[in-house]
S.K.: 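Dropping the structure in here first, questions after.
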Amino acid sequence: LGSDPRAGLQTPAAHPIELERPSTREDAVVNVDDKDNAEFPIWKPVSADERERGGDDNDDPELNALALAQRRALTLEVENLRKKLRLLIEQNATCPELEQLERGDFCVDSEEKNQIAAKSKERCDALRAQIERENIARQLIRDRLIKEFWDPMLGKGCQICSLSSGLTVGNYPERTTTDEENTRLKKLRLMRKAEKMEVDMLKGPSCPGALRGDSILKTDDFTTGKEGYVVNWWHHGSIAQTGEAKPSDQKYLYEPFELLTNSRRRLQVHVLQALAAEYRLSFNELFKKCQGDKKGVMDQIKEKVARMKAILGELQITEEVPEPELEDVEDADAVLAVKDREIKVEKWISPEEQAAIDEAKRKEEERLRKQRENDAGQRALNQM
């Protein structure tokens, strides 16, 4: 192309330039609904299983297999270390006492040990506090039951068991009578005594003439006193057997044909109850005497059994010799006591309790040793 020198210098055509208008603050604000859980889910930690599944899905299978092999190798190595440590502990338990190490010397992670010990102590303290609260509640209930039902008993129920058979004899449990009952019974006795004195006066020569015409029931006119269908009638006899003292309340009883009014029948009920209580009390006294006799016989048997065991020990013969023991039903207070043989679980003994038991055992052995040294009777038996 040619150029014209007259054309001069030509400038490019000017294009209109549009300047951007600065944006305002209101235009820059974007409304976002951050409460939408689908668009903005809440963060939560990823569990080990999810992490492992995610790794299996996203990572290379060869890398996953390598990581699994390394994990298994580490687990096997830890198990081998555990076996070696257990073997060392067993060897330490069987080695001489001077060469033994403390159990804590085998601990490989003291921080974990202290942490576990702290957590265990915290749980033990909480459990001990809970058990103590439960025991206090049970103890309170027990004390209330004893105060309500056990303490008011004058005689507790128990039995005497035969040493050679299954026969047993029980006593009569008796409750303590209240002052109100004693006062009422005393008034009834006075009323009955005054009534009997009045009857004796009407039958005697000192009876006034105006009262001699009163009719008095005489049972001898229409009965013999031996009728079997009439109860609680001894016809001027005594309830007591041969050799027994006559009950004091028998003289206050009405004869069956004298129970004509309700007041007399009610009085008869109270007198019969007092008479039965007197009989039960006398039987319980005989029962206590028999209990003492049986305990004396058992003590003699135990002495002979101890002698038999000593002879067997001298002869170096191992033989079980039965020894008589009282049954639980023979001790009235056994229901309130808990024996060691009744506890099925193993009893935990604290170091302080164990030290006290060992000390008591040592003192008892020392006492028995001194007693054997100075026991003239035992020496005489050994010489015989």
Side-chain angles (χ1 to χ4, degrees), residues 47-49 52 65-135 138 302 305-325 328 337-375 378 382:
S47 62
D49 297 338
E52 185 176 354
L66 180 61
L68 182 61
Q70 292 177 352
R71 190 182 302 110
R72 290 178 179 176
L74 291 175
T75 304
L76 182 61
E77 184 178 359
V78 171
E79 185 64 26
N80 292 333
L81 290 176
R82 185 181 290 109
K83 291 181 180 179
K84 292 180 181 179
L85 184 60
R86 189 181 299 111
L87 182 61
L88 292 175
I89 294 174
E90 293 177 356
Q91 292 177 354
N92 181 70
T94 58
C95 67
E97 184 177 359
L98 295 177
E99 299 179 4
Q100 288 184 359
L101 298 177
E102 296 293 336
R103 182 63 177 83
D105 296 339
F106 292 92
C107 179
V108 296
D109 192 350
S110 300
E111 294 182 359
E112 183 68 17
K113 172 190 172 183
N114 296 335
Q115 185 178 2
I116 294 174
K119 291 182 179 179
S120 301
K121 184 177 183 302
E122 183 179 356
R123 293 179 59 187
C124 290
D125 294 340
L127 181 59
R128 183 179 292 107
Q130 179 183 356
I131 294 175
E132 288 179 354
R133 288 194 300 269
E134 294 176 355
N135 290 340
R138 295 189 182 99
K302 288 181 179 180
V305 169
R307 180 58 183 160
M308 292 170 61
K309 291 182 177 180
I311 295 174
L312 291 174
E314 293 175 359
L315 297 176
Q316 297 182 355
I317 298 176
T318 303
E319 183 178 348
E320 184 68 23
V321 181
E323 185 173 350
E325 294 290 342
D328 292 339
V338 179
K339 299 179 177 59
D340 293 339
R341 55 185 172 83
E342 296 178 351
I343 302 175
K344 303 302 181 181
V345 297
E346 183 180 358
K347 182 180 180 181
W348 181 81
I349 301 177
S350 62
E352 295 80 8
E353 294 177 347
Q354 186 63 40
I357 292 173
D358 296 340
E359 182 66 19
K361 184 178 180 181
R362 186 187 63 80
K363 291 182 179 180
E364 181 65 18
E365 292 177 352
E366 183 67 18
R367 185 187 68 81
L368 294 176
R369 185 185 65 79
K370 293 181 179 180
Q371 184 178 2
R372 286 193 297 268
E373 291 177 355
N374 302 324
D375 191 358
Q378 186 69 23
N382 294 333

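Keep in mind that the numbers below use all heavy atoms, side chains included, and drop hydrogens, waters and symmetry copies.
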S.K.: So, are Glu365 and Arg362 salt-bridged, with charged N and O less than 4.0 Å apart?
M.R.: no

S.K.: Find out whether Lys361 and Glu364 are in side-chain contact, i.e. whether some heavy atom of one side chain is under 4.5 Å from a heavy atom of the other.
M.R.: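 Heavy-atom side-chain distance check fails, nothing below 4.5 Å.
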
S.K.: Working to the nearest 0.5 Å, report the span between CG of Leu85 and CG of Asn80.
M.R.: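 Going from the CG atom of Leu85 to the CG atom of Asn80 covers 12.5 Å.
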
S.K.: Does the side chain to side chain contact (heavy atoms under 4.5 Å, CB included) test come out yes or no for Val305 and Lys309, once each step is laid out?
M.R.: CA-CA 6 Å; Val305 169; Lys309 291 182 177 180; 3.8 Å; yes

S.K.: Determine whether Glu366 and Lys363 satisfy the following criterion, side chain to side chain contact (heavy atoms under 4.5 Å, CB included), listing intermediate values before the conclusion.
M.R.: CA-CA 5 Å; Glu366 183 67 18; Lys363 291 182 179 180; 5.6 Å; no

S.K.: Less than 4.5 Å apart, any side-chain heavy atom of Glu112 and any of Ile116?
M.R.: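 In short, these two side chains touch, coming nearer than 4.5 Å.
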
S.K.: Tell me whether Glu319 contacts the main-chain N or O of Leu312 through its side chain, where contact means a donor paired with an acceptor under 3.5 Å.
M.R.: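 Side chain of Glu319 to backbone of Leu312, a donor-acceptor pair under 3.5 Å: no, none is there.
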
S.K.: Between Lys119 and Glu122, does any side-chain N to carboxylate O distance fall below 4.0 Å?
M.R.: no

S.K.: Are there more than 12 heavy atoms of other residues, nucleotides or ligands under 6.0 Å from atom CD of Glu102?
M.R.: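 It does not: Glu102 CD has 12 such atoms or fewer within range.
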
S.K.: So, Asn135 side chain and Ile131 main chain: donor-acceptor pair closer than 3.5 Å or not?
M.R.: yes

S.K.: Begin with the C-alpha distance, continue with both residues' side-chain angles, and end with the deciding distance and a verdict on side chain to side chain contact (heavy atoms under 4.5 Å, CB included) for Val78 and Leu76.
M.R.: CA-CA 5 Å; Val78 171; Leu76 182 61; over 6 Å; no

S.K.: Tell me the closest heavy-atom pair linking Val338 and Glu342, and the distance in Å.
M.R.: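 So the minimum-distance heavy-atom pair works out to CA-OE1, 3.8 Å.
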
S.K.: When rounded to the nearest 0.5 angstrom, what distance separates CZ in Arg128 from NZ in Lys121?
M.R.: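 Result: 8.0 Å between the selected atoms.
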
S.K.: Nearest 0.5 angstrom please: Gln354 CD to Glu352 CD, how far?
M.R.: 11.0 Å

S.K.: Counting only heavy atoms from other residues, nucleotides and ligands, does the tally under 6.0 Å from CD of Gln91 exceed 12?
M.R.: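 Yes, CD of Gln91 has more than 12 neighbouring heavy atoms, counting only those of other groups under 6.0 Å.
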
S.K.: Other residues, nucleotides and ligands only: do more than 12 of their heavy atoms fall within 6.0 Å of NZ on Lys302?
M.R.: yes

S.K.: What distance separates Thr94 OG1 from Ile89 CD1, expressed to the nearest 0.5 Å?
M.R.: 12.0 Å

S.K.: To the nearest 0.5 Å, what is the distance between CD on Glu90 and SG on Cys95?
M.R.: 12.5 Å

S.K.: With side chain to side chain contact (heavy atoms under 4.5 Å, CB included) as the test, would you mind laying out the steps for Asp328 and Lys339 before giving the verdict?
M.R.: CA-CA 10 Å; Asp328 292 339; Lys339 299 179 177 59; 3.5 Å; yes

S.K.: With a 6.0 Å cut-off (strictly less than), is the heavy-atom count around CD of Glu320, excluding the residue itself, greater than 12?
M.R.: no

S.K.: If every non-hydrogen atom of Lys344 is compared with every non-hydrogen atom of Arg341, which pair is closest and at what distance?
M.R.: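 The pair with the smallest heavy-atom distance is NZ-O, 4.0 Å.
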
S.K.: How long is the straight-line distance from CD of Gln130 back to CG of Asp125, given to the nearest 0.5 Å?
M.R.: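 Separation between the atoms: 13.0 Å.
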
